[in-house]
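Working notes, beginning with the structure itself.
In each ligand, atom 1 is the first atom listed, and ligand 1 is the first ligand listed. Count residues from 1 along the sequence. Note: hydrogens, waters and symmetry copies are ignored here, and every other heavy atom, side chains too, is used.
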Amino acid sequence: MKPEERREFARDLAGRLPGGFELGVATSAFQIEGATHEGGRGESVWDAFTTQPGRILDGSTADRATDHFSRMPEDVALMHDLGIDSYRFSFSWPRLQAEGRGALRTAGVDFYERLLDQLDAAGIASMATLFHWDTPNALERGWFARDTALRFGDFAHAMGERFGDRIGRWVTINEPATVTLNGYALGVHAPGATRLFNALPAAHHQLLGHGLAVQALRAAGVAGSVGIVNVHSPVEPASGSEADAAFAALFDLLHNRIFADPVLLGGYPTFPEEFAPLFSALTEASPADLAVIAQPLDFWGLNYYMPTRVAAGSGGSATPDGTSAAMASLPFHLADWPEFPRTGFGWPIAPEFLGTALAELASRYGSLLPPVHLTEIGASFADAIELDPDDGTPRIHDGSRIDFLASHLDAALRATAPGAAAASIDLRSFHVWSLLDNFEWAAGYTQRFGLVHVDFDDFTRTPKDSSAWLRYLAENR
Ligand code: FCB
């Protein structure tokens, strides 16, 4: 698209945003904060993982990340310049409870108090995630241990008591599916376990932790609303064969349904007979646990990145987030989408599948689905800094990111318009992943997702063209 066409499309989108719809950006603590040894912060499973050889593509750690811990006021100023309404960030659990239990650390509390002060002054609403993957390493066996769910409930209570009057929206857990699959089943993410289907206790314990956290926040009397963030990837079989269809349905269960059904419907889905024994960790869950997990929510957070195509048969070790030897031993694999262009990560750019994701949520959960926030939408591209020929100002012409964001917002608005497949969904916001280029987990610093470019040597921030796009969208509402 040409710049003028992009502006026209942005004006069109702005005009179609529902009343009260919020625009925002998202980040997570481990990916941006750095300062991993300051103020008595404890070690997280990710700190430990990044020091293991071969785990991170570029061999990096998040010890400095974007240096947000020191540059937070500058980052809030950047958000203010974007004209956004909402900032989704995460609290670092090990910064607040070094050992995953006990009194909240003063240095951690002070940092987030200052962040909230800055956001208030900038007129930006807060959406705070309690767990975005940085499990305190002191919690033995991480989410394999049921006790971690109880510790998380306690953490939520302490946070609710401390910050309950200041947070607009609380998110308990970010993407328990990714933590389970990448972290405990395939070994691509921390803690690097490769337990395949034996990873499922980690799913149940996160969901239990979610339910306990909802109860704890409400018991602490928080003023804000409470929800969860799940990633939803529509799944398609690679061919019309019965085997591909069976494994695609299995993957939909694994990636989407087991994380949404118990929260919204009160129970795990019914598993096809041939696969049922694999899911015993879930089917044997007690009614008491299921009742905790199914706490009524004020909102549903949806992260969308891409659809998934599944084929029967083992077919290599590729996952969207890195290679996994364990993946190669499964009886199915993830197939390519040659018909779609790709992001820098190689992920298919398929905005229509955001519409599919919304339609699937609407048809599966109907009136049981609370209002939906798009809590992460974004893409990595190989952004290059160019010096403006006229005045030498650094510029990053990330038109691909603008087109990605615009086409996905368009798809979401179309899917939820009157008469469309997800018309029943009350869509409330669109948060771009991410404000800043940051530490992208197993990919280290090789994938830039930011609206703002970060120089990882001196931490200079340079807004990309996509920043101007978001501001233009916000201004033209
Ligand atoms: C999501 C994560 C987020 C970021 C994006 C690219 O799964 O929630 O932290 O890494 O992917």
Side-chain angles (χ1 to χ4, degrees), residues 24-33 44-46 49-50 55-58 60 62 65-66 68 87-93 127-135 171-186 188-190 206 210 227-234 254-256 259 300-308 319-322 334 342-349 353-354 357 373-383 398 400-401 404-405 408 430-452 454 466:
V25 296
T27 64
S28 90
F30 190 74
Q31 294 176 275
I32 64 166
E33 285 182 3
S44 74
V45 294
W46 269 97
F49 190 71
T50 52
R55 294 296 203 179
I56 308 300
L57 191 60
D58 55 5
S60 60
T66 71
H68 171 75
Y87 175 41
R88 175 173 176 239
F89 66 97
S90 83
F91 287 116
S92 163
W93 187 359
M127 181 188 272
T129 305
L130 285 170
F131 175 65
H132 199 125
W133 305 0
D134 44 3
T135 319
V171 170
T172 54
I173 293 194
N174 177 71
E175 297 192 2
T178 311
V179 173
T180 306
L181 299 177
N182 281 347
Y184 290 85
L186 300 173
V188 176
H189 283 176
Q206 284 179 85
H210 154 76
I228 189 172
V229 165
N230 265 305
V231 58
H232 187 107
S233 180
L254 270 174
H255 192 278
N256 301 318
F259 298 97
W300 185 260
L302 169 63
N303 288 359
Y304 170 82
Y305 286 93
M306 71 195 115
T308 307
T319 83
D321 299 285
L334 306 181
R342 290 157 191 268
T343 70
F345 230 145
W347 298 353
I349 301 177
F353 280 93
L354 171 54
H373 287 267
L374 296 172
T375 37
E376 286 181 30
I377 308 278
S380 63
F381 292 102
D383 304 313
D398 60 339
S400 309
R401 181 169 293 103
F404 184 98
L405 295 172
H408 282 73
F430 179 85
H431 291 79
V432 175
W433 183 270
S434 184
L435 172 67
L436 303 168
D437 291 341
N438 59 44
F439 178 79
E440 176 45 39
W441 310 113
Y445 299 100
T446 66
Q447 298 302 321
R448 295 181 175 273
F449 277 89
L451 295 166
V452 175
V454 175
S466 54

For Glu175, enumerate each residue passing the salt bridge (Lys or Arg N to Asp or Glu O under 4.0 Å) test, keeping only those at least two apart in sequence or located in another chain.
none
Parallel, tilted or perpendicular, judged at 30° and 60°: which one describes the rings of His408 and Phe404?
parallel
side-chain contact (heavy atoms from CB on, under 4.5 Å) against Ala185, all qualifying residues, sequence neighbours excluded
Ala199
Enumerate, one pair per line, all nitrogen or oxygen atoms of ligand 1 lying under 3.5 Å from a protein nitrogen or oxygen, stating the separation to 0.1 Å; write 'none' if no such pair exists.
{"from": "ligand 1", "atom 1": "7 (O)", "to": "Glu175", "atom 2": "OE1", "distance (Å)": "2.6"}
{"from": "ligand 1", "atom 1": "7 (O)", "to": "Glu175", "atom 2": "OE2", "distance (Å)": "2.9"}
{"from": "ligand 1", "atom 1": "8 (O)", "to": "His132", "atom 2": "NE2", "distance (Å)": "3.3"}
{"from": "ligand 1", "atom 1": "8 (O)", "to": "Asn174", "atom 2": "ND2", "distance (Å)": "3.0"}
{"from": "ligand 1", "atom 1": "8 (O)", "to": "Glu376", "atom 2": "OE1", "distance (Å)": "3.1"}
{"from": "ligand 1", "atom 1": "8 (O)", "to": "Glu376", "atom 2": "OE2", "distance (Å)": "3.1"}
{"from": "ligand 1", "atom 1": "9 (O)", "to": "Gln31", "atom 2": "OE1", "distance (Å)": "2.8"}
{"from": "ligand 1", "atom 1": "9 (O)", "to": "His132", "atom 2": "NE2", "distance (Å)": "2.8"}
{"from": "ligand 1", "atom 1": "9 (O)", "to": "Trp441", "atom 2": "NE1", "distance (Å)": "3.1"}
{"from": "ligand 1", "atom 1": "10 (O)", "to": "Gln31", "atom 2": "NE2", "distance (Å)": "3.4"}
{"from": "ligand 1", "atom 1": "10 (O)", "to": "Glu440", "atom 2": "OE1", "distance (Å)": "2.7"}
{"from": "ligand 1", "atom 1": "10 (O)", "to": "Glu440", "atom 2": "OE2", "distance (Å)": "3.3"}
{"from": "ligand 1", "atom 1": "10 (O)", "to": "Trp441", "atom 2": "NE1", "distance (Å)": "2.8"}

State, yes or no, whether a side-chain contact exists between Val432 and Leu451 at a heavy-atom distance under 4.5 Å.
yes
Once ring pair (Phe, Tyr, Trp, His ring centres under 6.0 Å) is applied, do any residues pair with Phe439, and if so which ones, sequence neighbours excluded?
Phe30, Tyr445
Measure up the His132 and Trp433 rings against each other and bin them: parallel (under 30°), tilted (30 to 60°), perpendicular (over 60°).
parallel
